[in-house]
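Heads up: the structure comes next, in structure tokens.
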Amino acid sequence: MKAIIFDLDGVIIHTDKYHYQAWKKLADRLGVYFDEEINNRLRGVSRMESLDIVLENSDYSSANSEMKNEMAEEKNNTYRELLEKMTPEDLEAEVLDTLTALKQQGILMSIGSSSKNARLILNKIGLGDFFDAISDGNNITNSKPDPEVFLKAADYLNVNACDCVVVEDADAGISAAHRAEMKAIAMGDAVKYGNGDWNIGAFREILDII
Ligand code: B16
Ligand code: MG
């Protein structure tokens, strides 16, 4: 094992609560039902695919692409307003300490996120220059469970896929890791599906596995 690829939202930082608030605001304006359970299905899924899930049982499910683009932009604007408030203090000390210990061990580290806001988030929490590579929603055409985001991360790190371990909170991300022939550590919501090679309850447990 030479490298670790970290999902961002729900693993490094809890921006998942801001995704929920932003989707909820859009859904309420449209009069569409939305709850935490639906929100969990959006983990690791791209913005436009997420919108399709949010609208799936509503009168807007067959809205044209122009309308859908406007709705996605509205959600993203709310989300980015919430992100604006973030500072390095939002990064948990346990996460920073674990990442620093892994770096001291010479392990290569990349982000593997479906988000197009990944670099903004990393800058806000003081990790803009920390990772050896960033693979995110801007460099992929297929989102998780497609393995593209993790294969690109391995490529950017110049390591073989089989030398990488992925840390994920989305079951779609665990599938993506396995399709990339990488091992996967499940945390948060992903644990309940039982598909990870390891399950962790706390971020520092990554050190025990590595
Ligand atoms: P954006 P991850 C994913 O991030 C989120 O889990 C998912 O809920 C979101 O829809 C997706 O990014 C796209 O995000 O709208 O910011 O481009 O978990 O892959 O780091
Ligand atoms: Mg995630």
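- Side-chain contact between Asp197 and Ile185: absent, with no pair of heavy atoms (C-beta onward) separated by less than 4.5 Å.
- Checking side-chain atoms of Ser58 against main-chain N and O of Val54 turns up no donor-acceptor pair under 3.5 Å.
- In this structure, Pro88 and Ile125 have side chains that are not in contact, with every pair of non-hydrogen atoms separated by 4.5 Å or more.
- Residues Thr78 and Glu81 have side chains that never bring a donor and an acceptor to within less than 3.5 angstrom of each other.
- By the 6.0 Å contact criterion, CD on Glu66 is open, its count of non-hydrogen atoms from other residues, nucleotides or ligands being 12 or less.
- By the neighbour-count criterion of 12 heavy atoms within 6.0 Å, atom CG of Asn158 is sparsely surrounded, having that number or fewer from other residues, nucleotides or ligands.
- Side-chain N or O atoms of Asp90 include one that pairs as donor or acceptor with a backbone N or O of Thr87 at under 3.5 Å.
- Between Met1 and Asp163 there is no side-chain heavy-atom pair separated by less than 4.5 Å.
- Under a 3.5 Å cut-off, the side chain of Lys68 and the backbone N or O of Tyr60 do not form any donor-acceptor pair.
- The shortest distance between side-chain heavy atoms of Tyr156 and Asp132 does not fall below 4.5 Å.
- Between His19 and Lys75, the side chains place a donor N or O and an acceptor N or O closer than 3.5 Å (distance only, hydrogens not considered).
- In this structure, the side chain of Glu205 does not engage the main chain of Ile200 through any donor-acceptor pair within 3.5 Å.
- For Glu168 (side chain) and Ala184 (main-chain N/O), no donor-acceptor pair under 3.5 Å exists by modelled atom type.
- Remark: the Asp136 side chain and the Ser113 side chain contain no N/O donor-acceptor pair separated by less than 3.5 Å.
- When all heavy atoms of Ala3 and Leu157 are compared, the pair lying nearest together is CB-CD1, 3.7 Å.
- Contact check for Arg47 versus Asn76: side-chain heavy atoms found under the 4.5 Å cut-off.
- Between Glu74 and Asn77 there is no side-chain heavy-atom pair separated by less than 4.5 Å.
- Enclosure of atom CG in Asn64 by more than 12 non-hydrogen atoms of other residues, nucleotides or ligands within 6.0 angstrom is indicated.
- Between Asp16 and Asn40, the side chains place no donor N or O within less than 3.5 Å of an acceptor N or O (distance only, hydrogens not considered).
- Residue-environment remark: CD (Glu181) stays at or below the threshold of 12 foreign heavy atoms within 6.0 Å.
- When the ring-ring contact (aromatic ring centres under 6.0 Å, His included) test is applied to Phe203, the partners found at least two apart in sequence or on another chain are Phe6.
- For CG of Asp35, the number of neighbouring non-hydrogen atoms (other residues, nucleotides, ligands) closer than 6.0 Å is greater than 12.
- A 4.5 Å side-chain heavy-atom check between Arg179 and Pro145 finds at least one atom pair inside the cut-off.
- Defined by atom type and a distance below 3.5 Å, a donor-acceptor pair is missing between the side-chain atoms of His14 and Asp9.
- Of the possible donor and acceptor atoms, none in the side chain of Ser61 sits under 3.5 Å from a partner among the backbone N and O of Asn57.
- No more than 12 heavy atoms of other residues, nucleotides or ligands sit less than 6.0 Å from atom CD of Glu73.
- Using modelled atom types, one side-chain atom of Asp146 and one backbone atom of Glu148 make a donor-acceptor pair closer than 3.5 Å.
- Using a distance-only test at 3.5 Å, with no hydrogens or angles considered, a donor-acceptor pair links the side chain of Lys124 to the main chain of Glu84.
- Between Asp7 and Val167 there is no side-chain heavy-atom pair separated by less than 4.5 Å.
- Ser143 places no side-chain N or O within 3.5 Å of a backbone atom of Ser114 that could act as its donor or acceptor partner.
- The minimum heavy-atom distance between Trp23 and Ser50, with the atom names listed, is CZ2-CB, 3.5 Å.
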